[in-house]
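Step one of this worksheet: look at the structure below.
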Amino acid sequence: MNVETIGTWAGIVWNTLNDAKAAMTTKDLRKASKLKVNELHTALGWLAKEGKLNFAEADGDTLVSLL
């Protein structure tokens, strides 16, 4: 794994959320992006650090959306 790969995963997550136009659970986001769990979490960390994501809790699930 390198920075370029992580950036690619982050792009996949951003595009998936952008296309959805709504918050998604991490489970649904993983399915839609076709990323493995560790890839998704790494990408979410990257995008969170860049200040591009909003996180919320609902019914025990983590919801993720773009800012």
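Computed from a predicted model, the values in this text were never measured in an experiment. Start at 1 with the first residue, then count along the sequence.
In this structure, E4 CD and W9 CH2 are separated by 12.0 Å, a value rounded to the nearest 0.5 Å. The distance from the CG atom of D19 to the OG atom of S33 is 12.0 Å, given to the nearest 0.5 Å. Note: L29 CG to S65 OG = 11.0 Å, rounded to the nearest 0.5 Å.
Listed by chain and number, the residues in a side-chain hydrogen bond (donor to acceptor under 3.5 Å, both in side chains) with N2 are T5 (sequence neighbours excluded). Take T8 and apply the side-chain hydrogen bond (donor to acceptor under 3.5 Å, both in side chains) test, not counting sequence neighbours, and it matches no residue.
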For a quick test of your reading: what N or O donor-acceptor pairs under 3.5 Å do the side chains of residues 10-17 make, sequence neighbours left out?
unit_1, atom_1, unit_2, atom_2, d
N15, ND2, G11, O, 3.1
T16, OG1, I12, O, 2.7

Tell me which donor-acceptor pairs under 3.5 Å the side chains of residues 44-64 have, and how far apart each pair is, sequence neighbours excluded?
unit_1, atom_1, unit_2, atom_2, d
W46, NE1, E50, OE2, 3.1
E57, OE2, T62, OG1, 3.0

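Applying the salt bridge (charged side-chain N to carboxylate O under 4.0 Å, His left out) test to every pair with at least one member in residues 29-44, sequence neighbours left out, gives no pairs at all.
Note: the hydrophobic cluster containing L40 also contains V3 (ILVMFWY, side chain heavy atoms under 4.5 Å, direct or indirect links).
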